[in-house]
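Here is the naming used below: chain letters follow the sequence lines, and residue numbers restart at 1 for every chain.
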Amino acid sequence: MSSRFQAPRGTQDVLPAMQPYWSAINDAILAVTRLYGYRRIDTPIFEAAALFEKGSGDTTDIVEKEMYVFTDRGGEALALTPEATPAICRAYLEHGMGSWPQPVRLYTTHPMFRYDRPQKGRYRQHTQFDCEVLGSGDPLVDAELIGLLWDLYRRLGLKGLQVRLSSIDDPGPRRAYVDRLKEYYRPFLGDLSEDSRRRFERNPLRLLDSKDDRDAPYKSDAPKLVDHLSPPAAAHHEAVTAALAALDIPFVIDPLLVRGLDYYNRTVFEIVPVEDERAQSTIGGGGRYDGLMEILGGPPTPGIGFGCGFERVILEMQKNGVEPAEGPQASVFVVHRGAATAAAALRAVAALRAAGLPALPGEGERSFKSQMRSADASGARVAIILGEDEVARGTAIVKDLRGEGGQREVPLGEVAAAAESLLASFG
RNA sequence: GUGGGCGUAGCGUAGCGGUUAACGCGUCAGGUUGUGGCCCUGAAGAUCGAGGGUUCGAUCCCCUCCGCCCACCCCA
C-alpha cells in the first residue's frame, strides 16, 4: 500500500464524483465573465523565478518560503506559478496590451503552487479563478470586479458570505502611516508576542492582524490605516464603498485587513463566510496594484484583480448543501452474448451514439444476468439485448429498464430509433 | 517551519501482547433452461501506512519516516 506511489503531499486527485463541482464552477465562471466582458488568457505553468521575486515581493512568504523554484537544463531559474497577477501583467507588457482599448479585462483558471504545510482548504497545488482589470484606476472598476466575484458565488448557491474591504493607501502615505504605527507600538514592544516583534521590523501592517491574545489590547487603540488615508486614496475608497452600496453588495470595512503581497495599494478585499472561524476559509481575495507594471519594467499602468480558490469554493458549496447535477450517463446499455453477436453489438452501439444517445456495451463474455446488472448499475434507462437467436433473425430486444421491464423485438436496423422513442416516452 | 491528534481490505468501521485479523458497503460469481433493480449464497480482496527496535511472540509497546486532520504562520 504505502510502498506504492501516492500523490505528492498537498496535492489531490479530482475523482469523477467530484467533477460536477468543478464543472459547476467552470460553467459559472464562463457565464459571469461573459456577462462582465472578461476575456480568457492562459499563461504558462512556470515562469522566470525573478518575475515573482520582483512582482510579488521578495520578502513575502509566497516568494521567500513557498515558491517551487528549479533550474532547467539550460540553467534558467524558473518557478511554478504561485499566483497569477505577475504572470498576467507580464503577458500584458509582452504583448503590448497597452495599445488595446483600455481597460483590458482578463481572466484565467490556473493551477497555483505553493510549498506550504497542507491543511484543510490549503494545498500545495490548488486552482484559482483569477480576474484582472488592467489600465484603469477608476474606483468603479474596483466595485465591478468585486461585484463579479460576488455574482459568481451567488450563482453557485453560496450563502452567508461577506465582503471585507479596506484601503492600504498609496506607497508614500503608507510609509508615513507605518512610521506612525511603529511609534505607537514602540513603547509596548516588550509586551508583544514574538511574532509581533518580528512583524514590527519586517511588516508592521501585520501587527494589526495578530491573533495572539497578548497583542489584542494594543490593537484596538492602534491608529488604523483606513482612518488616515491620504486625500486621493480616501476619495477612491469613498467611491468604492458608494459603488458597492449602489450594487447592493453587503460589505464591511475591515481596518485589520492586510494582504500579504507587496504590490497592493488602495483597495484590498476578501470574501469570507461570515460564521466560519476556520483560518483557511477565505474563498477569494485581491486588491489594486497600480505600481506593479512599473516594477516589472513597464509604463505606469493601474490594475486590480483577485484570486479565488476552487478547492475552497467547493468546500463552501458542500457546506451550503449545494449538489451539482451529475454529468450525462449512459442512457442505453447493449447486452450481448456469444461470438456471433459481437459485430451486431458494436454496430448497435455505434448507431445509438450516431443518433446522439449515450450508449455503453456490455462485455460479451459475461452472463446475461451479469450484464443486466451492469446495465442497471450504469444508470441506463434502456437495454438492448442481442442474443444469438435474435441476431440470427436480424432483430434485437429493446427493454425498458425503468418500470416493469417491458420489452419488444425490433429489426436490427431500427434499434436506435426504437431506443430513442422509448426514451422519449419517459418524458 | 512550529505544536497537537490520527493511519486496520476500494470506502466506512471492530478488534486484541499470542491459534487461519472481524463486520457493513462496494467488486466479482452463482441462485436450472439466454434478462437488471429486492433478497439469498459464495469468492476475491489487508505483508493491520513504511522501516527499525523491545519481547519467546506484536496490528496492539518504543523510535524514525511518510501521509491525513487541527491549530499557528500565511494564504485561495
Contact class for E390(A) vs. all strands (heavy atom < 4.0 Å): base, sugar-phosphate, or nothing?
base

Roughly how many Å apart are rC28(B) and rA22(B), using the P atom of each and rounding to a whole number?
23 Å

Should R9(A) be listed as having a side-chain N or O under 4.0 Å from OP1 or OP2 of rC68(B)?
yes

State whether the distance check finds a donor on one side and an acceptor on the other, under 3.5 Å, for side chain R373(A) versus base rG31(B).
yes

Rounded to whole angstrom units, what separation is found between the CD1 atom of I385(A) and the C1' atom of rG34(B)?
9 Å

Take atom C1' in rU8(B) and the same atom in rC68(B), then report the distance between them in whole Å.
15 Å

May I ask you to evaluate whether Q119(A) reaches the phosphate of rA71(B), defined as a side-chain N or O under 4.0 Å from OP1 or OP2?
yes

Atom pairs and distances, donor-acceptor, side-chain atoms in residues 44-57 of chain A, under 3.5 Å, two or more places apart:
unit_1: E47(A); atom_1: OE1; unit_2: R90(A); atom_2: NH1; d: 2.8
unit_1: E47(A); atom_1: OE2; unit_2: R90(A); atom_2: NH1; d: 2.5
unit_1: S56(A); atom_1: OG; unit_2: E83(A); atom_2: OE2; d: 2.6

Exercise: identify the closest heavy-atom pair between F368(A) and G387(A)
CZ-CA, 4.0 Å

Ranges pairing with ranges for RNA chain B, where each run has three or more Watson-Crick or G-U pairs under 3.5 Å
B:1-7 with B:66-72, B:10-13 with B:22-25, B:27-31 with B:39-43, B:49-53 with B:61-65

Hey, is the side chain of D376(A) pairing donor to acceptor with the base of rG37(B) inside 3.5 Å?
no

Any donor-acceptor pair, under 3.5 Å, between the side chain of K369(A) and the base of rG34(B), if you only look at N and O atoms?
no

Taking all non-hydrogen atoms of both residues into account, name the closest pair between V69(A) and A79(A) and its distance.
CG1-CB, 4.0 Å

Starting at CZ of F368(A) and ending at P of rG36(B), how long is that distance when rounded to a whole Å?
11 Å

Under-3.5 Å donor-acceptor pair between R402(A) side chain and rG36(B) base
no

Evaluate whether atom CZ of R40(A) has more than 12 neighbouring non-hydrogen atoms of other residues, nucleotides or ligands under 6.0 angstrom away.
yes

For S370(A), which contact category applies under a 4.0 Å heavy-atom criterion: base, sugar-phosphate, or nothing?
sugar-phosphate

Could you check whether Q371(A) gets within reach of a base, just the sugar-phosphate, or nothing at all, counting any heavy atom under 4.0 Å?
nothing

Nearest-Å distance once atom P is located in both rG31(B) and rC16(B):
41 Å

Go through it in stages, so that I can follow the logic: the residues are Y115(A) and R124(A), the test is side-chain contact (heavy atoms from CB on, under 4.5 Å), and I'd like the CA-CA distance, side-chain angles, deciding distance and then a yes or no.
CA-CA 5 Å; Y115(A) 188 85; R124(A) 288 185 173 177; 3.2 Å; yes

Rounded distance in Å - CZ (R408(A)) to C1' (rU35(B)):
18 Å

Presence of donor-acceptor pair under 3.5 Å, side chain of R381(A) and base of rG37(B):
no

Specify the separation, in whole Å, of atom CZ of F5(A) and atom C1' of rG67(B).
16 Å

Nearest-Å distance for atom pair CZ/C1', residues R114(A) and rA76(B)
6 Å

Flag if over 12 foreign heavy atoms under 6.0 Å of CD, E323(A)
no

Hey, is the side chain of R117(A) pairing donor to acceptor with the base of rU2(B) inside 3.5 Å?
yes

For Y289(A) together with Y263(A), are the ring centres under 6.0 Å from each other?
yes

With RNA chain B as reference, determine whether M372(A) or Y115(A) sits nearer its 5' end, using the nearest nucleotide of each.
Y115(A)

What's the CG-P distance between L257(A) and rC75(B), to the nearest Å?
10 Å

What nucleic acid atoms does S367(A) come within less than 4.0 Å of, heavy atoms only: base, sugar-phosphate, or nothing?
sugar-phosphate

To the nearest Å, how far apart are R164(A) CZ and rA76(B) P?
15 Å

Less than 4.0 Å between a side-chain N and a carboxylate O, is that true for D290(A) and R288(A)?
yes

Look at R366(A) and rC28(B) and indicate whether a side-chain polar atom (N or O) is within less than 4.0 Å of OP1 or OP2.
yes

Say we look at rG10(B) and rA44(B): how far apart would their C1' atoms be, to the nearest angstrom?
13 Å

With heavy atoms under 4.0 Å as the rule, sort I283(A) into base, sugar-phosphate or nothing.
sugar-phosphate

Q407(A) atom CD is separated from rU35(B) atom C1', nearest whole Å, by 7 Å

Which whole number of Å gives the distance between the P atom of rC62(B) and that of rG18(B)?
16 Å

Between rA21(B) and rG15(B), how many Å separate the two C1' atoms, rounded to a whole number?
8 Å

Sugar-phosphate, base or nothing in reach of G285(A), heavy atoms under 4.0 Å:
sugar-phosphate

Which value, in whole Å, describes the distance between the C1' atoms of nucleotides rG42(B) and rU19(B)?
25 Å

Would you indicate what Y123(A) reaches in the nucleic acid, counting non-hydrogen atoms under 4.0 angstrom: base, sugar-phosphate, or nothing?
base

Whether over 12 other heavy atoms sit under 6.0 Å from E365(A) CD
no

Before accepting this row, confirm whether a basic side-chain N of the pair E409(A)/R393(A) lies closer than 4.0 Å to the acidic partner's carboxylate O.
yes

Just checking D389(A): base, sugar-phosphate only, or nothing, at a heavy-atom cut-off of under 4.0 Å?
base

Which part of the nucleic acid, if any, lies within reach of G10(A) when heavy atoms closer than 4.0 Å are counted: base, sugar-phosphate only, or nothing?
sugar-phosphate

What interatomic distance, in whole Å, is found between C1' of rC73(B) and the corresponding atom of rC56(B)?
50 Å

Is it the case that the base of rC73(B) and the side chain of R122(A) share a donor-acceptor contact (distance under 3.5 Å, atom types as modelled)?
yes

